[in-house]
Amino acid sequence: MQKELKQDENISIDDLIPETASRYTQEDIKKVSNSYKNRDKNVNNRTLCVNLAKNIGKKVIIKGSVHKINSLGGIEFFALRDRSGMTQIVFEGSVVTQKICCEAIIEVEGLITKEERSPYDNIEIKGQSLKILGSAASDLPIAINGNYNNINLPTLLDYRGLSVRIPKVSKVFKIQSEILRLYGEYLRKNDFSEIKTSKIISTGTEGGANIFELKYFDRVAYLAQSPQFYKQTMVGSGFERVFEVGPVFRAEMSNTVRHLSEYTSMDLEMGFIKDEQDIIDMQENLLKYMFTEIKKLYGDEIKEEFGVDIVIPEVFPRIHFLEALDIAYKKGVKDMDGDISPEGEKAVCDYADKELGSPFVYIVGYPIKKRPMYTMPDERLPGYTRSFDLLYKGLEITTGGQRINDYETLRKNIIAFGGNPNSFKTYLDIFKYGMPPHGGLGMGLERVTMKMLGFNNVREASLFPRDIGRITP
RNA sequence: GACCAUAUAGCGCAGUUGGUUAGCGCGUCGGCCUGUCAAGCCGAAGGUCGCGGGUUCGAGCCCCGUUAUGGUCGCCA
């Protein structure tokens with residue numbers, strides 16, 4: 001709820017502009033513009049926490065947030081946090097004269113000292129002067145320096161702007177940032193081009209009711225559920241291999257630990273494949289690369305902070321849908337009615353984990369009815385398709401497959417799925433005028449992050465999650 | 001959308017078969033303290049028990065409604 005403004009807060013933008021603003025002389029202006037060229041670049045020199053060890057004995061300036069204060073009367077210990085890590089500053093005597101609260105932004109000049117009693121790498125800074133760059137109030141609603149587990153997820157999300165300061169929380173998103181980097185890095189190395197396509201569309205791609213409607217001038221438009229058609233268009237364009245990382249929107253009435261109304265889809269699409277196995281090969285190698293690099297960079301921290309090992313199997317098992325069903329039945333999962341239930345998926349994952357030593361498992365060959373109209377049928381097992389899901393630790397993190405690339409087949413499929421070919425004209429045209437055999441996949445960034453770090457709620461892996469009940473912050 | 005659970009201080013929680021002034025830990029505020037690292041010791045503030053109604057001499061507790069949150073399912077990445 002918005003609070004009423006107090007009387008003295010009732011100011012306008014005009015109050016911010018002094019009358020002199022219209023009378024600045026050429027000289028006044030010149031003074032400012034000259035300062036652009038002649039500025040002292042060393043004024044802002046600053047040593048980061050991570051670089052303290054190699055500068056022991058030097059006098060430095062460090063800047064960051066006050067993480068924690070321990071005041072013992074004549075001596076005060078500050079834990080200081082910057083983007084690289086933490087350190088301890090010791091103030092003796094009367095250096096600290098102002099009231100300073102946790103999360104205040106400070107600048108400290110001091111001497112880097114080897115000190116066995118310091119909890120941070122046996123290094124600390126003897127503070128000689130202190131400046132407040134940004135003050136902080138004392139009534140922090142959540143503890144940034146306390147035990148992460150003492151705050152419930154909805155509270156963390158309500159105060160997201162502050163909870164992202166908690167080192168363990170920000171670590172999640174540092175890792176997620178690396179996941180994104182590695183995804184693009186590997187695909188570029190393999191001749192993929194990155195594309196960005198519009199998220200405002202005129203018709204749904206996958207059909208169904210789970211699409212957000214929005215006002216678009218005097219018309220109705222929708223938020224894209226997937227870049228599917230655009231990816232395929234660009235395969236046909238001659239790019240052959242494209243990838244996109246971007247938001248997709250699902251208006252599903254699904255209030256679960258694994259659903260978001262808006263999530264980041266890591267998509268790829270590639271031409272001149274033999275079949276869906278080429279797509280799986282590409283993704284398997286991609287994931288091995290990504291996970292190996294993450295493990296190199298963060299493996300120890302992930303183990304320590306989140307208590308999980310990153311396991312990268314030699315081969316990712318590939319099981320046919322009907323085999324998977326069988327495995328699930330044998331594990332005692334009932335009531336699947338020819339389709340694999342989430343419980344059945346868990347059983348298959350369990351099997352892959354225990355029998356095949358892999359937290360990943362591909363289920364290939366879903367029934368036609370379970371897949372979108374553009375999915376390539378498998379001529380060897382009519383009724384089934386050349387599509388797949390990738391399950392990771394019991395959760396679906398990817399859907400993909402080979403697509404139909406023949407115009408007539410696709411046209412008939414659109415009709416068979418209850419659509420009107422006329423409303424898919426732009427899409428169909430790319431097939432009418434030559435389209436290579438191709439396929440691709442979409443991978444949910446937050447789900448990958450969630451499972452990699454062993455969370456049981458996908459919201460923990462989303463900076464500003466959107467779900468049925470949440471559109472703020 | 002269906003079902004189940006929960007709602008008590010800034011945060012995390014306890015609160016007995018319904019019974020005086022609703023507690024605990026952390027945090028916050030004040031005081032003491034020169035090696036803290038879950039600092040310690042002394043003191044203090046902080047609550048319309050989600051909201052609305054009902055039962056009762058009496059409700060944080062029981063009943064009805066409502067809202068929010070969490071979880072499960074369908075569905076999905």
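The sequence lines fix the lettering, A, B, ..., with proteins before strands; numbering per chain opens at 1. Heavy-atom basis, side chains included; hydrogens, waters and symmetry copies ignored. All of these numbers come straight from a predicted model, not from anything done at the bench.
Within 4.0 Å of G442(A), counting heavy atoms only, lie sugar-phosphate atoms of the nucleic acid but no base atom. Within 4.0 Å of V458(A), counting heavy atoms only, lies no atom of the nucleic acid at all. Residue S265(A) is out of contact with every strand shown, counting any heavy-atom pair closer than 4.0 Å. Residue contacts for T264(A): at a heavy-atom cut-off of 4.0 Å it reaches no nucleic acid atom on any strand shown. Across all strands, N70(A) comes closer than 4.0 Å to base atoms (heavy-atom distances).
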Under 3.5 Å between N/O atoms: give me all the protein pairs with nucleotides 43-46 of chain B, atom names plus distance.
none

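Both the sub-6.0 Å distance and the 45° axial angle are not jointly satisfied by R403(A) relative to the ring of Y374(A).
Scanning for salt bridge (charged side-chain N to carboxylate O under 4.0 Å, His left out) contacts around K288(A) gives E284(A), with sequence neighbours left out. The salt bridge (charged side-chain N to carboxylate O under 4.0 Å, His left out) check on D378(A) picks up R380(A), R386(A), with sequence neighbours excluded. For K189(A), there are no salt bridge (charged side-chain N to carboxylate O under 4.0 Å, His left out) partners at least two apart in sequence or on another chain. For E92(A), there are no salt bridge (charged side-chain N to carboxylate O under 4.0 Å, His left out) partners two or more places apart in sequence or in a different chain. Residues forming a side-chain contact (heavy atoms from CB on, under 4.5 Å) with E293(A) (at least two apart in sequence, or on another chain): L182(A), Y289(A), K296(A).
Contact check on R371(A) versus D389(A) returns a salt bridge, with a Lys/Arg side-chain nitrogen under 4.0 Å from an Asp/Glu carboxylate oxygen. For K393(A) and E345(A), the salt-bridge test fails: no basic side-chain N is under 4.0 Å from an acidic carboxylate O.
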*Which letters describe nucleotides 28-35 of chain B, given B = protein heavy atom under 4.0 Å from base, S = only from sugar-phosphate, - = neither?*
SS---BBB
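Counting only residues at least two apart or in different chains, salt bridge (Lys or Arg N to Asp or Glu O under 4.0 Å) contacts with residues 75-86 of chain A comprise R81(A)-E103(A). The stretch residues 446-459 of chain A participates, sequence neighbours left out, in these salt bridge (Lys or Arg N to Asp or Glu O under 4.0 Å) pairs: R459(A)-D467(A).
Checked against rG70(B), rG12(B), rC76(B), the side chain of N152(A) finds its nearest nucleotide in rG12(B). Of the candidate nucleotides rU36(B), rG12(B), rC76(B), rC76(B) has the atom nearest to the side chain of R250(A).
Along RNA chain B, the nucleotide nearest T256(A) and the nucleotide nearest N456(A) are compared for position; the residue whose nucleotide lies closer to the 5' end is N456(A). In terms of position on RNA chain B, the residue among N255(A) and R447(A) whose nearest nucleotide sits closer to the 5' end is N255(A).
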*Please assess L180(A) against V245(A) for the test side-chain contact (heavy atoms from CB on, under 4.5 Å), listing each intermediate value before the final yes or no.*
CA-CA 8 Å; L180(A) 287 167; V245(A) 177; 3.6 Å; yes
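With 3.5 Å as the limit, one finds no donor-acceptor pair spanning the side chains of E252(A) and S261(A). Under the 3.5 Å distance criterion, with hydrogens and angles disregarded, a donor-acceptor pair is assigned to the side chains of R250(A) and Y263(A).
Counting only Watson-Crick or G-U wobble pairs whose defining distances are both under 3.5 Å, the stems of 3 or more consecutive pairs in RNA chain B are B:1-7 with B:67-73, B:10-13 with B:23-26, B:28-32 with B:40-44, B:50-54 with B:62-66.
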Throw together a table of side-chain donor-acceptor distances under 3.5 angstrom for residues 126-146 of chain A, partners on residues two or more places apart or in other chains.
from	atom 1	to	atom 2	distance (Å)
K126(A)	NZ	E124(A)	OE2	2.8
N145(A)	ND2	H67(A)	O	2.8

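For the segment residues 387-398 of chain A, residues with any heavy atom less than 4.0 angstrom from an atom of RNA chain B are, sorted by number, E396(A), I397(A), T398(A).
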